[in-house]
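First comes the structure, then the notes that go with it.
Hydrogens, waters and symmetry mates are skipped; everything else that's a heavy atom, side chains included, is used. Just follow the structure's listing: the first ligand is 1, and inside any ligand the first atom is 1.
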Amino acid sequence: MIIDGKQISQSLKDAMKIEVDALAEQYGRRPCLMVIIVGNNPASRSYVRGKIKATEYCGFDGHLVELPEDVSEATLLAEIDKLNNDPLVDGILVQLPLPKHISEDKVIAAISAEKDVDGFHPENVARLWLNQHCILPCTPKGIIELLDQAGVEIAGKKAVVIGRSNIVGKPVAKLLLDRNATVTIAHSRTQDLAAVCREADILVAAVGRAKMVTAEYVKPGAAVIDVGINRTEDGKLVGDVDYEAVLPVAGAITPVPGGVGPMTITMLMRNTIECFLNRMNNK
Ligand code: GUN
């Protein structure tokens, strides 16, 4: 089974569009997401375009704030502060990576935790690990949603996550654990990685290396979630999984593109609605 993230994402966005119209009616305004981009990184520009497009599709307010590559850290922090203090702004996202002269840690911490739609702020990260109410990071949240929508059972299963980043590996492992999977976090230095992965009922690959996960990594019937975004020499977008080789072995698999990627953006929309509701209901 191919898990069609694009289609699942589309139906979730269609439902949110209707929900947002009802929210506008009820609260007298629409959820508002502000996206900040610094510089001209082509990949970042393309991601941000997708985010703004989804914002418009779902009927949110908000827009893109474009700052030049050489903007000072102080100016960026002042811009964030302005949005933090704007009562009509519900969500703030600063597209990463940032130019070297700006501290990403400082910028992430500067975004008000209640408007941190990425779920990257240290307060949200801490709250996730303490099982407290928090904003979940979009990609991990999207992965759980994909598994649920595809009818993949999580409770009692063995999950292996390859990758230990703060944005994907660690939080997706925590969310799988919360759903009662038994979770192994593997990485590039794991001994006999293929054998470890072959134990998995659910295999999440988030390493950033094209075709790293071959058929020998996959237990027959396993659900394989490909979080990789890699460019081949001829510019094609591919994941971390050798898709053609793994497809006949896996019970379910997410394609790249059209799997996890669209879900990340859809969960960003979901988080914006949640931030809006938390703020309107003063939680
Ligand atoms: N750069 C790559 N992925 C992301 C993301 O999810 N959020 C932000 N802010 N920047 C990113």
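For the side chain to side chain contact (heavy atoms under 4.5 Å, CB included) with I253, the qualifying choice from V241, I3, D226 is V241, the only one to do so.
Here L96 has heavy atoms under 4.0 Å from ligand 1 in both its backbone and its side chain. Contacts of K51 with ligand 1, taken as heavy-atom pairs under 4.0 Å, involve the side chain alone.
By the 3.5 Å distance cut-off applied to N or O atoms, Y47 is not counted among the residues near ligand 1. Polar contact with ligand 1: present for D118 (N/O pair, distance under 3.5 Å). Checking only distances, L93 never comes within under 3.5 Å of ligand 1, N or O to N or O.
Using modelled atom types and a 3.5 Å distance limit, the side chains of D105 and S103 yield no donor-acceptor pair. Judged by distance alone, the side chains of E274 and N278 never bring a donor and an acceptor atom under 3.5 Å apart.
With hydrogens left out, the protein atom closest to atom 3 (N) of ligand 1 is Q95 NE2, 4.4 Å, a heavy atom.
The residues D192 and R198 are annotated as not salt-bridged, no charged nitrogen and carboxylate oxygen being separated by less than 4.0 angstrom. Taking a cutoff of 4.0 Å between a charged side-chain nitrogen and a carboxylate oxygen, E244 and K211 do not qualify as a salt bridge.
Aromatic pair F276/Y27: ring centres closer than 6.0 Å.
Here is the list of ligand 1 atoms found below 4.0 Å of a heavy atom in V94: 8 (C), 9 (N).
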